[in-house]
Amino acid sequence: MSPAPTLYRGAEGMWMWVVHRTTGIAIFFFLIVHVLDTALVRVSPEAYNTVIGHYKTPLYTLIEAGLVAAISLHALNGLRVIAVDKWTWALRRQKMLVWWVWIGFAIIMIGFLPRHFMHAFGGA
């Protein structure tokens with residue numbers, strides 16, 4: 001017995017759907033944490049300074065890099081989704097558009113990571 005027919009069969013579009021949802025959820029949780037830690041300044045400036053002090057550690061440098069990665073990938077894939085929704089040619093060229101998303105993502109991260117790590121670890 002074959003599985004029920006489905007629109008998605010694990011091709012590029014489906015995997016990018018998973019990536020888009022995952023990065024969107026990660027960004028959403030970052031925003032919640034950001035609002036809470038920023039609001040902390042009104043409650044207790046000392047606690048706020050303690051929290052901000054933790055953000056200057058190597059662990060948070062990696063978390064910040066992950067945030068930039070999530071936002072970049074989410075934004076580029078969002079443009080791909082807009083193209084697929086708007087133009088039929090884009091729907092037929094999913095594989096090519098997915099490659100462009102990943103190439104754009106790589107360019108952004110290659111430009112961002114060296115400067116970010118130099119700044120965070122004292123190189124600049």
Identify every side-chain donor-acceptor pair in residues 39-46 under 3.5 Å, counting partners at least two apart or on other chains, and give the distances.
residue	atom	partner	partner atom	Å
Ser44	OG	Glu46	OE1	3.4
Ser44	OG	Ala47	N	3.2

Anything under 3.5 Å between a donor and an acceptor, one on a side chain of residues 98-105, the other on a protein residue two or more places apart or in another chain? List them.
none

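Screening residues 89-113 for salt bridge (Lys or Arg N to Asp or Glu O under 4.0 Å), with sequence neighbours left out, gives Glu12-Lys95. Listed by first and then second residue, the salt bridge (Lys or Arg N to Asp or Glu O under 4.0 Å) pairs that reach into residues 47-59 come to none, sequence neighbours excluded. For residues 58-85, no residue pair satisfies the salt bridge (Lys or Arg N to Asp or Glu O under 4.0 Å) rule, not counting sequence neighbours. Residue pairs meeting the side-chain hydrogen bond (donor to acceptor under 3.5 Å, both in side chains) criterion with at least one member in residues 23-39, sequence neighbours excluded, are Thr23-His74, Asp37-Tyr55.
In this structure a side-chain-to-backbone donor-acceptor pair under 3.5 Å is missing from His20 to Asn77.
Judged as a side chain to side chain contact (heavy atoms under 4.5 Å, CB included), and not counting sequence neighbours, the contacts of Leu59 are Thr57, Ile63. With sequence neighbours excluded, the residues that form a side chain to side chain contact (heavy atoms under 4.5 Å, CB included) with Ile25 are Phe29.
With a 4.5 Å cut-off between side-chain heavy atoms of Ile, Leu, Val, Met, Phe, Trp and Tyr, the cluster of Val81 takes in none. Other residues sharing a hydrophobic cluster with Leu67 under the 4.5 Å side-chain heavy-atom criterion for ILVMFWY residues are Ile27, Phe30, Leu31, Ile71.
Considering all non-hydrogen atoms of both residues, Ala90 and Ala83 come closest at CB-O, 3.3 Å. Considering every non-hydrogen atom in both Tyr60 and His54, the closest pair reads CD1-O, 2.9 Å.
There is a path of hydrophobic side-chain contacts, each under 4.5 Å, that joins Phe112 to Leu73. When the side chains of ILVMFWY residues are joined at heavy-atom separations under 4.5 Å, either directly or via intervening members, Phe28 and Val33 end up in two distinct hydrophobic clusters.
Side-chain contact between Val68 and Met109 is present, with heavy atoms from C-beta onward closer than 4.5 Å. Side-chain contact between Leu79 and Leu97 is absent, with no heavy-atom pair separated by less than 4.5 Å.
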